[in-house]
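The basis for the numbers below is simple: all heavy atoms, side chains too, and nothing from hydrogens, waters or symmetry mates.
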Amino acid sequence: MSRAQELLRGLVNCESRPHLERRLESGERLRVKWGIDPSAPDLHLGHTVPMRLLRRWQAAGHLPVLVIGDYTARIGDPSGRSATRPQLRTEQVEANARTYLDQLFCVVDPDQVEVRRQSEWYDGFDLAQVLRLANAATVAQLLQRADFEQRMRARLPVGVHELFYPLLQGYDSVAVEADVELGGSDQLFNLLRGREVQIAYGQPPQDIVTVPLLEGLDGERKMSKSLGNAVAVADPPEQQFGQLMSLPDQLILRYLELLTDASPEQLSELRRELDLERLNPRDAKASMAQLVVSGLHGEAAALAAREEFFRVHRDHQLPSRVAEVRLPARPQWDPRDLLVAAELARSRSEAGRLVSAGAVQLGGSRLADWRRPVTVEAGDVLQVGSHRAVRLLPG
RNA sequence: GGGCGGGUACCGAAGUGGUCAAACGGGGCUGACUGUAGAUCAGCAGGCUUUACGCCUACAGGGGUUCGAAUCCUCUCCCGCCCA
């Protein structure tokens, strides 16, 4: 496999591939732009797909240029807007940007990057420059974008400022003189626009590399924090492990391919084992989860997370670390008050329902009826379902 | 600026005067089973209480009609479409 082929392995799309391969073979140090909007403080596993690619390119001697979208994030990300969103304040954006970088450097080598912020060039942008930028595309070109079209058809709002997104992102490429821009496959439109903007400003157009979008835990839609199907990079290892175990079985190989260093040979071997049912999908999934978690938190943490998961969910034992709750001493408790006091139920009504459903155990025995008061011994464990439990202490 | 159509629980979406705390689907929670928080099947679904077909709060917001309103009227706010 040539150097270029190695760097482009597993990618869905390049523009233009022959040109990019030539440049990769030339030994040139390429400036590889990757942009992120710090509109929310957390990166998730979907972001680590391009991050992992950047690391590979770093190893081959190229320079990632990370563009922090502090400007577009400050305006407010209009996608998925359900109400007028409060504009993010500068400090908030800056704080987000910092946690972003911390998370990024879990994967990307912090010594081999250039970090840039949009504010470097947009703070001083005047109207003449805005108009010149706006002249780099026509309305028809901007509206042909698939998600605008879908939203218009679905009678959802499309803000005027959203039309500027591709232009702003494109101008970023001009500002940082990008040779290559990396993005998710949903970014193709914006990335291509970047080429046109560069041409309009007299620069050679960047090459484009798009990586596949990672499906979220629901197995259907792309991973996104707002869809609630994401695993955050900063989440604790046990939580990540558990979330990964809730993945539909058919995505095990996909996650291995996009989120770990598993080789194509290992993947096809694993596929064969699963097809022949020689391997329990649960165990394959656990191996995947362990690899992914160890990539972010290290091997020891990943192993501990795996053991804890099996202990609680396969062997149905109490979690090894149970939170402690201090309660006033009372001779008897209404089970509902007890659940609310332990923060295992939001209301007495909900607590009553949980007891009726047979979900609640106190000191190892199942509560049958919320009407029957219970006595609490110091150190008793109150448990709801299989994995929510607290130890009750007098206080 | 004009015309039209909308705003219902976490999301989508029924419901056009009482039997609506509100169908159905998704998501969520719980149980059974299992091979995992996966799959499948079942249950739960605002709050409070003396757990009763009791009370309070709730169908964008305010005001009104009515014995009674998510449903009718009115004003306000928000959104979409078409025309200009």
Restricting to nitrogen or oxygen on both sides, can you table the protein-nucleotides 22-31 of chain B pairs closer than 3.5 Å?
{"residue": "B:rU30", "atom": "O2'", "partner": "A:Ala357", "partner atom": "O", "Å": "3.4"}

### Query
Considering only heavy atoms from C-beta outward, does the side chain of A:Leu142 approach that of A:Pro166 to under 4.5 Å?
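SC-SC contact between A:Leu142 and A:Pro166 confirmed.
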
Counting only Watson-Crick or G-U wobble pairs whose two distances fall under 3.5 Å, which nucleotide matches [N]?
| N | answer |
| --- | --- |
| B:rC24 | B:rG12 |
| B:rG1 | B:rC83 |
| B:rG68 | none |
| B:rA60 | B:rU76 |
| B:rG54 | B:rC48 |
| B:rC41 | B:rG31 |

### Task
Select base, sugar-phosphate, or nothing to describe what A:Ser349 touches, counting heavy atoms under 4.0 Å on all strands.
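Here A:Ser349 touches the bases of the nucleic acid.
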
### Sugar-phosphate only, base, or nothing, as touched by A:Pro248 at under 4.0 Å among non-hydrogen atoms
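Answer is sugar-phosphate: A:Pro248 comes under 4.0 Å of backbone atoms only.
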
Nearest whole Å is fine: how far is [N] [atom2] from [X] [atom1]?
| X | N | atom1 | atom2 | answer |
| --- | --- | --- | --- | --- |
| A:Leu339 | B:rC44 | CG | C1' | 15 Å |
| A:Phe241 | B:rG38 | CZ | C1' | 13 Å |
| A:Asp283 | B:rG38 | CG | P | 16 Å |
| A:Asp218 | B:rA37 | CG | C1' | 14 Å |
| A:Trp370 | B:rA52 | CH2 | C1' | 11 Å |
| A:Leu274 | B:rA39 | CG | P | 16 Å |
| A:Arg314 | B:rG38 | CZ | C1' | 15 Å |
| A:Glu238 | B:rA37 | CD | C1' | 14 Å |

### Task
State which residues pass ring pair (Phe, Tyr, Trp, His ring centres under 6.0 Å) with A:Phe125; sequence neighbours excluded, sorted by chain then number.
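Testing A:Phe125 for ring pair (Phe, Tyr, Trp, His ring centres under 6.0 Å), a comparison that skips the adjacent residues, returns A:Tyr122, A:Tyr171.
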
### Query
Going only through I, L, V, M, F, W and Y residues with side-chain contacts under 4.5 Å, is there a path from A:Leu258 to A:Val293?
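Yes, because A:Leu258 and A:Val293 connect within a single hydrophobic cluster, where side-chain heavy atoms sit under 4.5 Å apart.
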
### Query
Between A:Lys285 and A:Leu247, is there a donor-acceptor pair closer than 3.5 Å when you use the side chain of the first and the backbone of the second?
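Present.
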
### Message
I'd like to know if the side chain of A:Gln206 and the backbone of A:Leu191 have a donor-acceptor N/O pair within less than 3.5 Å.
### Response
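Yes, because the side chain of A:Gln206 sits within donor-acceptor range (under 3.5 Å) of the backbone of A:Leu191.
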
When rounded to the nearest Å, what value does the distance between [atom1] atoms of [N] and [M] take?
| N | M | atom1 | answer |
| --- | --- | --- | --- |
| B:rU74 | B:rC24 | P | 34 Å |
| B:rG63 | B:rA52 | P | 36 Å |
| B:rC11 | B:rA23 | P | 15 Å |

### Message
By the side chain to side chain donor-acceptor pair (under 3.5 Å) test, which pairs, at least two apart or in different chains, include something from residues 287-299 of chain A?
### Response
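Qualifying pairs: A:Gln240-A:His297, A:Gln290-A:Arg306.
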
### Query
Which pairs with one or both residues in residues 314-328 of chain A pass side chain to side chain donor-acceptor pair (under 3.5 Å), sequence neighbours excluded?
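Passing the test, one end in residues 314-328 of chain A: A:Glu308-A:Ser320.
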
### Message
So, OP1 or OP2 of B:rG46: does either fall under 4.0 Å of a side-chain N or O from A:Arg348?
### Response
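No, A:Arg348 has no side-chain N/O under 4.0 Å of OP1/OP2 on B:rG46.
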
### Query
Is the shortest side-chain N/O distance from A:Ser246 to OP1 or OP2 of B:rG38 below 4.0 Å?
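False: A:Ser246 side-chain N/O out of range (4.0 Å or more) of B:rG38 OP1/OP2.
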
Side chain of [X] only, heavy atoms from C-beta on: which candidate in [options] is closest?
| X | options | value |
| --- | --- | --- |
| A:Phe309 | B:rA37, B:rU49, B:rG38 | B:rA37 |
| A:Lys285 | B:rU50, B:rG46, B:rG38 | B:rG38 |
| A:His316 | B:rG35, B:rC48, B:rU34 | B:rU34 |

### Query
Other hydrophobic cluster members with A:Val374, side-chain heavy atoms of Ile/Leu/Val/Met/Phe/Trp/Tyr under 4.5 Å, chained?
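A:Val374 shares its hydrophobic cluster with A:Val325, A:Leu327, A:Trp333, A:Leu338, A:Leu339, A:Leu344, A:Leu354, A:Val355, A:Val360, A:Leu362, A:Leu367, A:Trp370, A:Val376, A:Leu382, A:Val384, A:Val390, A:Leu392.
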
### Task
Provide the full list of ring-ring contact (aromatic ring centres under 6.0 Å, His included) pairs with a residue in residues 232-255 of chain A, sequence neighbours left out, each pair given once.
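ring-ring contact (aromatic ring centres under 6.0 Å, His included) check on residues 232-255 of chain A returns A:Phe241-A:Phe309.
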
